[in-house]
Each structure stands twice: as structure tokens, then as C-alpha cells.
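Read the structure below first, then the notes.
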Amino acid sequence: MITTSQLTKRVSTADGDLEILRGIALEIKRGETAAIVGASGSGKSTLLGLLAGLDVSTEGDVVIDGTSLASLDEDERALLRADKIGFVFQSFQLLPALTALENVMLPLELSGASDSDQRARDFLDRVGLSERRDHYPRTLSGGEQQRVAIARAFASEPLILFADEPTGNLDTATGAKIIDLLFALNTEQGTTLVLVTHDMSLAARCGRQLVMQAGELEEAS
Amino acid sequence: MAALLGSSLRLLLRDWRGGELGVLFSALILAVSLVVGISGFVNRLQINLERESSRFLAADLVVSTADRTPESFIARAAESGLARGETVTFSSMVVSESDEMFLASVKAVGGAYPLRGSLEIEDTNGQLTANQPNPGEVLLADRLVQQLNVLPGQRVWVGDAELVYAGKVISEPDGTSGFFGYGPRLMMHTADIEATGVIQPGSRVTFRLLISGSPDQVSEFADWVRPQLVQGQRLLTVEESQPGIGATLDRARGFLLLAGSLGVMLAAAAILVAARRFGERHTDHVAVMKSLGATSTTIRNLYAASLGWLGIAAILIGSVLGWLAQSAMFIALAEQLPGEINEIGVSPYITGAVTALVCIGFFAWPPLARLGLVSPLRVLRRETTIAGSQRALDLVLGTLSLAGLMIWYSKDVFLTSALMGGIAVTVGLGFLGARALLSSSRQLGSRAGSVWRLALAGMQRRGVNSAFQIVIFGVAIMLLLVLVSVRTSLLDQWRLQLPEGTPNHYLLNVAPQEADLINDFFTDKNVEVGRLYPSTRGRVMAVNETPLPTWEIGQEGPRQQEANFTSGAVMPEGNVVLDGEWWQPGTTESIVSLEEGFAQEIGAEVDDVLTLRIAANEFEARVANIREVDWESMQPNFFVIFPTEVLSRYPGMLLTSFYLEPGQKPVIGDLIDDFPTLTVIELDVVIDEIRAIVDQVSQAIELVLMIIMVAGALVLIAGVTASVDERLHESAILRALGARRGRILGAIAIEFSMMGAIAGLLAVVGAELSGWLLQTQMLELDYQPGWILWPFGLVLGALVIGGLGTYTCRRVVSVPPIQVLREV
Ligand SMILES: Nc1ncnc2c1ncn2[C@@H]1O[C@H](COP(=O)(O)OP(=O)(O)OP(=O)(O)O)[C@@H](O)[C@H]1O
Ligand SMILES: [Mg+2]
């Protein structure tokens with residue numbers, strides 16, 4: 001489902017080039033759940049960005065469901081995301097101008113689904129927020145916002161879901177509920193799940209644990 | 001497509017709810033309504049004033065011929081559906097039943113005369129009517145009735161025609177057009193002309209074809225006639241016949257178009273700032289959409305469609321508001337110009353729509369177009385900036401497009417360049433100065449108290465944005481200053497143009513031997529009388545011995561010209577020598593002074609030798625100087641002036657002007673009684689008309705000024721609002737760290753006041769430059785550098801921007817910090 005080879009990311013900074021990722025080789029199969037852990041600043045988010053096609057690598061390639069990202073331009077990658085990829089972020093990334101329902105509808109509208117309204121309502125029901133449908137993000141608690149974000153991520157039934165520290169901004173109890181929700185929907189849809197986390201108990205629930213260290217990735221034993 | 005339109009509309013409505021479109025939308029509406037309002041008003045004003053002034057011609061257009069009006073002209077006018085009238089004027093002896101004889105100025109009228117304005121006739125029963133004389137009848141001026149000693153119903157002979165006296169001419173609309181004709185008025189019908197036998201080859205008769213209709217029809221007819229005119233045929237238009245009104249109108253129009261252009265620039269600036277902010281606020285939005293799979297094309301289409309909706313709404317609302325604004329401006333004028341034209345036509349709406357498109361395309365769109373380039377990586381790394389920021393290019397393109405728009409709109413390259421010059425200076429100095437000040441303020445700040453340090457650090461941290469804000473504030477203040485100062489000079493100029501005591505009557509046909517008697521008469525009546533000018537009809541035959549051609553069809557270039565020659569030792573007041581020198585009093589040298597335009601028409605320059613003819617005498621004179629004449633002054637003006645000693649060899653009549661106060665009208669009657677051969681031309685109506693126009697247009701100008709002030713305020717608000725978000729966050733952090741609200745607000749107040757002071761200074765520099773160019777070159781007004789403006793601009797800028805900024809940012813300290821910090 002996801003394959004990388006020699007994936008390298010370098011950026012130039014004021015004091016010379018900085019190599020954030022150093023030739024990462026990775027393979028994640030359909031339906032697998034993988035957790036990426038590692039120290040802060042080790043390059044986890046950078047890797048996630050490359051895997052999801054949000055950024056381009058300096059060297060190496062990412063192949064998603066048989067499509068090489070290096071061969072795609074920015075817009076083609078966007079279409080690929082619309083089609084196959086969902087996201088959950090640490091800072092939720094809901095659009096403040098849109099209601100909960102409209103936020104969930106957004107990716108459905110972008111991929112041209114005809115029943116976006118109904119599907120968005122269904123998914124808000126699933127995450128237990130049908131009451132808050134017409135509320136704006138700023139009136140929702142962090143946990144509620146993240147539930148909206150999860151509804152948004154699953155509503156378009158992506159093949160792969162990327163999550164960058166989905167519980168990072170939440171207390172332990174709320175975080176646990178969010179994780180339950182995430183895994184429940186994941187099992188139901190058979191989604192491939194790649195998540196970045198500092199939470200070892202969360203990492204433990206995934207099928208695979210990958211450790212990022214100084215730009216290199218290793219499988220945890 | 002339908003989906004795009006739908007989702008863009010939704011996007012727009014959501015943003016509207018979020019309050020992010022307010023300034024952008026208002027600025028767009030303002031631009032459209034300003035343009036629609038002002039160009040609508042200017043169109044309407046012009047049409048109405050021309051119509052109103054056309055009563056002085058009794059028509060919209062007159063073809064004056066020395067021979068019978070060619071049939072083809074009449075046929076063409078009939079074909080075009082124009083209303084027609086005719087007049088035939090000549091001087092003739094008139095005889096009454098009691099055998100009294102008197103030289104009268106005869107005017108035969110026919111067709112629908114008068115087409116504009118109205119006659120005032122008192123019939124033999126003492127009833128006032130507005131009817132032209134019937135065939136077989138004459139109407140006489142009161143003076144002529146007395147001289148001829150006629151009673152109602154008695155016969156009067158004009159040449160061979162026998163006519164019946166049927167009433168008195170009290171006033172006629174076109175009494176002041178055309179200075180020739182001797183004696184008091186006799187009015188008859190053109191049907192009786194043949195019978196008089198007066199019209200013979202060589203007799204001095206003027207035939208006039210009067211035309212009226214819609215402005216388009218009339219100008220089409222004028223364009224058709226003009227190339228066919230031969231010698232002795234002339235086209236009289238309202239503007240030519242009343243240069244005072246024409247020039248006043250031109251100035252008013254120039255000013256209003258200037259105001260309109262300024263307003264559009266201000267609105268464009270507001271749009272630019274608002275769109276930038278809109279773009280910035282939407283960056284995260286777009287990054288999320290892109291991470292969810294939106295392509296840059298989708299994003300671009302979405303925002304383009306949103307702007308499209310916004311534009312359509314702004315054009316509709318702006319058009320309605322513009323229509324209302326021009327109606328409001330016209331209410332003041334309605335009394336003066338009894339409701340003739342109420343439509344403003346479609347062109348103002350088209351101009352308004354094009355303005356909206358330019359504003360959207362060049363000011364609102366660029367920041368939004370860049371949204372397509374936002375990296376989706378922003379969802380993971382906030383600080384990822386927009387790729388390829390090209391603000392400078394946007395500004396240049398925007399300015400060029402605006403210049404194009406203004407040229408199209410005001411049809412005035414000069415006005416546009418003067419304003420653009422001022423803006424360029426303000427912007428250029430602004431960026432340089434702001435940069436320099438910002439960097440030096442850091443050192444200042446480190447030595448200052450904590451509030452100041454906070455303020456200066458804030459200003460500096462926002463670096464480019466602060467400079468941009470300063471420049472925007474500067475441009476806005478500059479445009480407002482230009483407008484206010486031009487307005488002030490214009491109104492002053494108008495007040496001075498026709499001061500109290502401007503001569504409102506002309507006195508013609510004064511015989512040289514009567515001069516002293518007439519002076520005594522006026523001294524006696526306590527009436528101020530102007531200089532007496534000799535006036536002799538003469539003709540320029542040749543320049544440097546090259547004979548000038550007479551008038552021929554379609555021929556361009558210099559030709560013979562006829563004019564009233566005068567003489568004097570000193571130059572008439574209000575004239576200015578452009579080339580050459582005025583002569584020493586007492587000179588006997590055969591020299592002449594020419595009016596600028598007249599010199600051009602005969603193709604003469606200083607030191608050329610002219611061959612001139614007065615009656616049967618030919619003589620030569622060297623051109624001593626070329627003069628500019630103030631045609632608006634209402635003083636007697638002459639194309640051709642000689643030294644007194646030169647013209648005294650060719651005696652002629654004299655003319656002068658005098659001023660009567662409203663209650664002194666009876667003096668004219670006494671004057672005519674004492675000197676029956678004089679001709680008095682009453683200009684008081686024209687002068688009143690000009691004064692009234694000036695008053696009313698001044699009111700309209702004040703209204704426009706107020707609207708422009710709103711546009712200016714909008715720019716300032718947009719500029720101030722632009723940094724609220726950032727400040728909100730900063731202030732929340734500072735307050736979370738324990739800063740007092742007073743300190744934060746104080747820092748904000750200082751920061752904005754400093755920016756305002758710099759902007760104010762810049763504005764004054766730019767305004768001085770543009771103001772100087774506009775006033776001296778375009779409006780032909782005197783320019784005085786406004787030194788007081790300098791400290792004024794500085795203090796005003798500091799106060800206004802400081803106050804507005806602090807007011808707008810007060811939310812920054814009233815919102816609980818936690819709410820801000822939670823809003824990510
Ligand atoms: N475009 C860039 N320019 C400069 N430095 C960058 C850039 N992108 C990432 N970095 C640096 O690369 C390193 C890795 O960043 P990344 O965000 O991937 O870390 P992370 O593992 O997600 O850390 P955290 O757990 O704190 O989120 C950091 O030191 C970051 O500063
Ligand atoms: Mg990270």
C-alpha cells in the first residue's frame with residue numbers, strides 16, 4: 001500500500017543544509033496499522049508529510065497504492081489525496097468559518113460526492129456529535145473538535161489515514177476515547193492507519209511500531 | 001460548473017458570516033457607487049446646464065448665415081426630427097402713422113421660435129403672453145413705441161411692408177447673443193420678410209436656423225453641418241456663446257472627475273488591503289482544503305467564483321447607491337434647473353461595472369490567486385509561507401490598471417499623471433523612509449520605557465507589513481489632502497471670478513462726442529462705469545504681405561478674419577502678455593496686439609506685419625505682442641488692440657460696461673431717453689446664472705467630498721484591521737504573562753500614532769506635488785504651498801491613525817486571553 005525507498009529530505013537553513021530524513025525504506029501493507037514514535041524534532045512529521053504527498057522528497061520516492069508520488073505534480077497529488085487519503089492532526093485543523101457539519105462535508109464535496117450532506121450527518125452521528133452539527137469549532141471542546149476531525153477523515157472512506165499526534169492536545173481520558181473511535185472506524189473500513197505519537201500505550205495498540213531517530217527509521221522489536 | 005458556483009456561493013456566505021468580507025465588499029460597493037454617482041451627476045449636470053444655458057441662444061444650436069439658410073440644412077434638420085425655428089435680423093428705418101421715423105433693430109421670427117427659454121410679450125390689452133408675433137403684426141420695444149408714437153392697432157411700415165402694432169416686447173431669451181444691430185427691438189413674423197423688400201444682395205442681414213433636440217441628435221447635426229459651412233456661415237453653440245458658463249461647468253466637471261478618480265483610488269487601496277488580509281486569513285483554510293485533496297485549480301476557481309459573486313452583488317448595490325447619490329446631489333440643483341433630464345443614461349453604470357472589474361481583477365484577485373500556491377504542508381508546519389509572493393508586481397500592475405481606468409474615466413491624461421506622480425512619491429519615500437525609521441526605532445526603543453519599547457518592537461517586528469501600512473495610510477491621507485486643498489482653491493477662485501460689482505451691462509454705439517455726456521450721466525446717477533473702448537469693425541487681409549484666403553469649404557489653415565478693433569495706451573485688466581511687449585503710452589508706431597486664439601487663426605506671430613482693412617482703408621501694422629484674455633471675466637474683451645494714436649485715424653463708435661445694483665434698473669430707461677441711439681446689453685441674467693450654478697455645484701462638491709471622506713476612512717479602517725489578528729494573539733500572550741491592559745493599549749496607541757505621523761508627513765509631500773500640478777496645470781488656479789500642512793499632516797496623521805488604531809484594537813485587550821489562545 002505504501003512503499004518508500006531511499007527517502008531523503010534535506011532543507012537548507014541559515015547555517016547550511018540540514019538532512020532531516022536519511023534514506024528511509026518502508027513498506028506498509030493494506031489494512032496494517034503502524035505507529036511512528038521518536039523524540040521531538042527527529043523528523044516524524046516530516047516523514048508523514050512526505051508519505052501523504054503534502055511535501056516532496058529530496059531523493060527517493062513514495063509509492064501509494066501503486067502510484068509513484070514523484071511522478072505526480074502538486075495538483076495530481078491533491079487528487080490522489082482526495083481519493084485515497086484522510087488526515088487527523090494534533091491541532092484538529094477544522095476550518096473556523098465552517099460548522100461541524102460543513103467541515104465534515106468539505107472533503108466529500110471536494111471529491112464530488114453527490115450525497116455529501118447525508119454522509120456527513122451519518123458520520124457526525126457515528127462520532128456522537130449529531131447534536132452539535134451546526135456549531136462552530138470554537139464553541140466545541142478540544143475532544144469534540146477532534147471527533148469532528150475524525151468524522152471528516154473517515155467520511156470520504158480513505159484507503160489510508162494519517163494521524164499526526166491525534167491525542168497530543170487532549171487529556172488522557174479524552175485521548176483514550178478518541179483512540180477508541182479511531183480504531184473502531186479503522187477496523188470497520190479496513191483502513192490502513194499510519195499515526196505519529198508520543199503516547200506509548202497508543203503505539204502499542206498498532207500492529208507495527210516504527211522508531212524514528214535522527215532521521216532514520218527502525219522497526220521496534 | 002454548477003457545483004462550483006454553488007460551493008463558491010456557500011464559501012462566500014460563510015465568510016460573510018465570519019465578518020471577513022465587510023471591508024472588501026464595502027470598498028467595492030463604494031467604488032461602484034462613486035463612479036456611477038459622480039459620472040451620472042456630471043452627465044446630468046452637463047446636459048441640464050447646457051439646456052438651461054441654451055435659453056441664451058433660444059436653441060441648442062444655431063446656424064447663422066449671411067444669406068438665406070440653405071434648404072439642405074433645413075431638410076436635414078427635418079429628417080433628423082429636430083425642432084426648428086428661424087430668425088432674420090437686420091436694421092431698418094421704421095415709420096409710423098404719425099410719420100415718426102426711427103432706426104430699429106428688426107428681428108423676424110418663425111417656426112417654433114423660441115425653442116429654448118421664452119418670450120415675454122405684453123399684448124395691447126396689457127396681458128402678458130409668450131406668443132411670437134402673428135404674420136401681419138409687429139411687436140415693439142417700449143422705447144420704440146414712444147419714439148414712433150404708435151397706439152394699439154395702428155399701422156407701422158418696415159421697408160415696404162405694412163404691419164399692425166400688436167404688443168410690446170418685454171424680453172427675449174436670445175437678447176444677449178450677437179452684439180450687432182442698432183436701435184431698439186422690432187419683432188415681426190418671417191412670413192412678412194418678403195414684403196419688406198429689405199433683403200437684397202449686399203444688404204446686412206443675418207439669417208439664423210435654430211435647432212433643438214436630444215443632445216445626440218443635435219451633435220450629430222452639428223457634425224454634419226460643420227464641414228459644409230462657407231464664408232459668412234457660422235455655427236453657434238451654447239458653450240461658445242456663453243464662455244463664462246462653459247468654463248465654470250468645465251471646472252466643476254474637472255473637479256468632480258478628479259474627486260471620482262480619487263475616490264476610486266481610495267477604494268482600490270481599501271480593496272487591496274482587505275484582500276490581502278482576506279488572503280492571509282484564508283491561508284490555513286486553503287492548506288486544510290489542499291490536504292483534503294483540493295487542487296490549486298479547484299482553489300483558484302473557487303475563489304475566482306466567490307469574487308465573481310461579490311463583484312456582481314457590489315455592482316448591483318453600488319449602482320443603486322450611485323443612482324441615489326446623484327439624485328441627492330441633484331436635489332440641490334433641482335430648483336435651479338427645473339426637472340428636465342432625469343435619466344443618467346447607461347454609460348455611468350457601464351463605467352461603474354468596469355471599475356468594479358478592474359478593482360477586483362487587479363486589487364482583490366492577486367492575493368487570492370496566490371492562495372492556489374499555498375503549500376498543504378502548512379497543516380503540519382504552520383510557518384510554511386506562501387510560495388512566490390509578488391506583492392511589488394501586484395502593486396505595479398494595479399497602479400497601471402488604475403491609471404488606465406482613470407484616463408478612460410476622466411479622459412484626462414494629465415490629471416491621472418499628476419495623481420500617480422504624487423502617489424509614486426508617497427509610496428517610494430514611504431517604503432524608504434518607513435524602513436529607515438523602523439530600523440533606527442529599535443535603538444530608540446531599547447533606551448525608552450517599556451511601553452515605548454513594546455510599541456517600537458511591535459512596529460519593527462511587523463517590518464514589511466508596517467511599511468506597507470504606513471504607505472497605505474500615507475496614500476489615503478495624501479488623496480484626501482489633495483482633494484480638500486483643490487476644493488478650497490476652486491471655491492475661492494469661483495468666489496473671485498465674478499466679484500460684487502462685476503459689470504453686468506454693456507453699452508454699445510456710443511458716439512465719440514457723447515462720451516463726456518455719458519460719463520456725466522453715470523456720475524450723476526452714482527453708477528460705476530468702466531473704461532470707454534473705441535470699437536471699429538475691421539478685417540485682417542494678409543500676413544507678411546501674403547494674402548489670406550477667404551473662407552472655403554473644407555479648407556484648413558489661416559484665413560481672413562473680421563473683428564472689433566479697439567485701441568488704448570494700457571492693456572485691459574485681466575489680460576496677460578504671452579509674447580512680445582506692451583507698448584509705451586503715446587506711441588505712434590503702427591503696431592497691434594492680438595489675442596492668442598485670433599493670432600493662431602490668422603497664423604501670425606510677434607513681429608509679423610499684418611495688412612488690415614477698416615471700411616475702404618487698408619494699412620499695415622506690426623504685431624507687437626500676443627495676449628491671453630480672461631473670457632470668464634465678463635469685461636469687454638478684444639481680439640485686436642492698437643495704440644490710441646494708430647486707430648484714431650479711423651473713427652468709430654465706443655463701447656463700455658457698467659454695473660447696476662438690482663434696484664437701479666430704471667437707470668437704463670433714463671439712459672435710453674437721454675441717448676436714444678445707444679444699445680444696452682443686459683448681462684445680469686447671465687451673471688446670475690453663473691453665480692447660481694457655482695452655488696449649486698459647490699453644494700454637490702461638498703457632498704462628493706463627504707463621500708470621499710468615507711472612502712478614506714474605509715482605507716484607514718482596512719489598514720488598521722489588517723494587523724488586528726496578529727495583535728490579538730500577541731496581546732493574549734502578553735496578558736497571559738501578566739501585562740496590564742493599559743500598557744498593551746498604550747503600546748498599540750504609540751505604534752499607530754507613530755505610523756500615522758510618518759504617513760501624515762509622507763502624505764503632505766505627495767499632496768503638495770500633486771496639488772501643485774493639478775492646480776497650476778489642470779484647474780488653472782494659483783498655487784500656494786501649504787506650509788501649515790506639514791505639521792498639520794503630522795499631527796493629524798498621528799491623531800487619526802492613533803485613535804482609529806487604538807479603537808479598532810480595543811478588542812485585543814477585552815477578549816479573554818484564553819479564548820484567543822484556544823482559537824489556534
Ligand atoms: N522546512 C524546514 N526548514 C528548516 N528546518 C526544518 C524544516 N522542516 C523541518 N525542519 C526541522 O527538522 C526537524 C524535524 O522536524 P519534524 O517537524 O519532522 O519533527 P517531529 O519529529 O515531528 O517533532 P515533534 O515531535 O516535536 O513534532 C526539526 O528540527 C525541524 O526544525
Ligand atoms: Mg511533529
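Letters A, B, ... mirror the listed sequences (proteins, then strands); counts begin at 1.
- Residue Ile85(A): no heavy atom, backbone or side chain, is found under 4.5 Å from chain B.
- A donor and an acceptor atom, one from each side chain of Thr297(B) and Asp75(A), are located under 3.5 Å apart.
- Heavy-atom pairs under 4.5 Å with chain B were tallied for Asp55(A), Asp164(A), Leu48(A); the largest tally goes to Asp55(A).
- Residue Ser291(B) comes nearest to Phe87(A) through the heavy atom pair O-CE1, 3.1 Å, listed as atom of the first residue, atom of the second, then distance.
- Neither the backbone nor the side chain of Arg77(A) comes within contact range of chain B, judged by heavy atoms closer than 4.5 Å.
- Here the shortest heavy-atom pairing between Arg152(A) and Val288(B) reads NH1-CG1, 3.5 Å.
- Using a distance-only test at 3.5 Å, with no hydrogens or angles considered, no donor-acceptor pair links the side chain of Arg81(A) to the main chain of Ala294(B).
- Taking every heavy atom of both residues into account, Gly49(A) and Leu377(B) meet most closely at CA-CD1, 4.3 Å.
- At most 12 heavy atoms of other shown residues, nucleotides or ligands fall within 6.0 angstrom of atom CD in Gln213(A).
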